[in-house]
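Position 1 is the first residue of the sequence, and the numbers go up from there. From a predicted model like this one, the values you see are computed outputs, not experimental measurements.
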Amino acid sequence: MAPIRDKFTIHSKAIVCQDVELKGDITIGSGTIVHPKATIFAIAGPIVIGSSCIIEEGAIIVNRRKEVMRIGDDNLFEIGCRIESPTVGDFNTISTRARVHHTVRIGSYCVVGAGCLLVPTEDEILDDYTVVYGPAAERRKWSGRGKVQEADLRRKHAEYLREMLPKFNRLRRGDGT
């Protein structure tokens with residue numbers, strides 16, 4: 001097997017800490033924030049991360065498929081989560097220590113609760129507004145109420161991180177694309 005060639009395209013308005021482990025063909029969109037100690041591995045195919053995502057420390061994003069792994073806009077990947085899903089829509093939250101297998105495709109406005117394990121044997125699609133919770137990874141639909149407040153809170157979170165992360169961490173410079 002040929003070695004993985006590193007090619008990083010980091011938007012000039014993205015904040016990516018120097019202490020992030022990046023491998024493979026990775027594109028990071030405008031306004032996305034990647035905390036130190038996060039890991040992004042494009043093993044088989046490239047990873048394209050949309051704008052305004054927050055990837056917290058210890059989060060692991062891996063693409064094991066040959067197809068492009070597309071992550072939409074405004075997603076939150078919390079501390080210690082692991083995601084291998086080939087597609088992730090917009091405005092999702094992958095909570096602390098949650099794990100999503102490469103057979104799951106995630107729609108938009110979904111929440112995978114803390115410590116949940118999504119590892120189906122066959123391909124599965126999480127429909128929009130699905131909430132996965134509990135040790136048995138039970139599911140329910142979210143009505144969408146509070147969506148505006150959630151967006152405001154996430155925007156303030158990103159604002160705070162844009163101000164604080166550069167004060168205490170070295171940053172990787174974008175290539176201006």
Discussion item. Apply side chain to side chain donor-acceptor pair (under 3.5 Å) to residues Arg154 and Ser52 and explain how you reach the verdict.
Written reply: CA-CA 9 Å; Arg154 199 160 297 174; Ser52 302; over 6 Å; no
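- Between the side chain of Ser85 and the main chain of Val100, no donor-acceptor pair closer than 3.5 Å is present.
- Although no hydrogens or angles enter the test, the distance criterion places no donor-acceptor pair under 3.5 Å between the side chain of Glu21 and the main chain of Thr39.
- Ion pairing of Glu84 with Arg99 is present here, as a side-chain N (NZ or NE/NH1/NH2) and a carboxylate O approach within less than 4.0 Å.
- Listed for the Asn63 side chain is a donor-acceptor partner under 3.5 Å among the backbone atoms of Gly45.
- Lys147 and Asp128 are not joined by a salt bridge, as no carboxylate oxygen comes within less than 4.0 angstrom of a charged side-chain nitrogen.
- Tracing side-chain contacts under 4.5 Å through hydrophobic residues (I, L, V, M, F, W, Y), one never reaches Val16 starting from Leu76; they form parts of separate clusters.
- In this structure, Ile15 and Leu161 have side chains that are not in contact, with every pair of non-hydrogen atoms separated by 4.5 Å or more.
- With hydrogens and angles disregarded, a donor-acceptor distance shorter than 3.5 Å links the side chain of Thr32 to the backbone of Gly50.
- Every ring pair (Phe, Tyr, Trp, His ring centres under 6.0 Å) that Phe91 has, sequence neighbours left out, goes to Tyr109.
- For His157 against Glu56, the heavy-atom pair with the smallest separation is CE1-OE2, 3.5 Å.
- The nearest pair of heavy atoms linking Phe41 to Ile47 is O-CD1, 3.3 Å.
- Side-chain N or O atoms of Asn92 include none that pairs as donor or acceptor with a backbone N or O of Asn75 at under 3.5 Å.
- For Ile71 against Cys53, the heavy-atom pair with the smallest separation is CG2-SG, 4.3 Å.
- For the pairing with Ile28, the side-chain contact (heavy atoms from CB on, under 4.5 Å) check across Ile33, Val20, Ile49 returns one residue only, Ile49.
- Of the possible donor and acceptor atoms, none in the side chain of Arg139 sits under 3.5 Å from a partner among the backbone N and O of Thr130.
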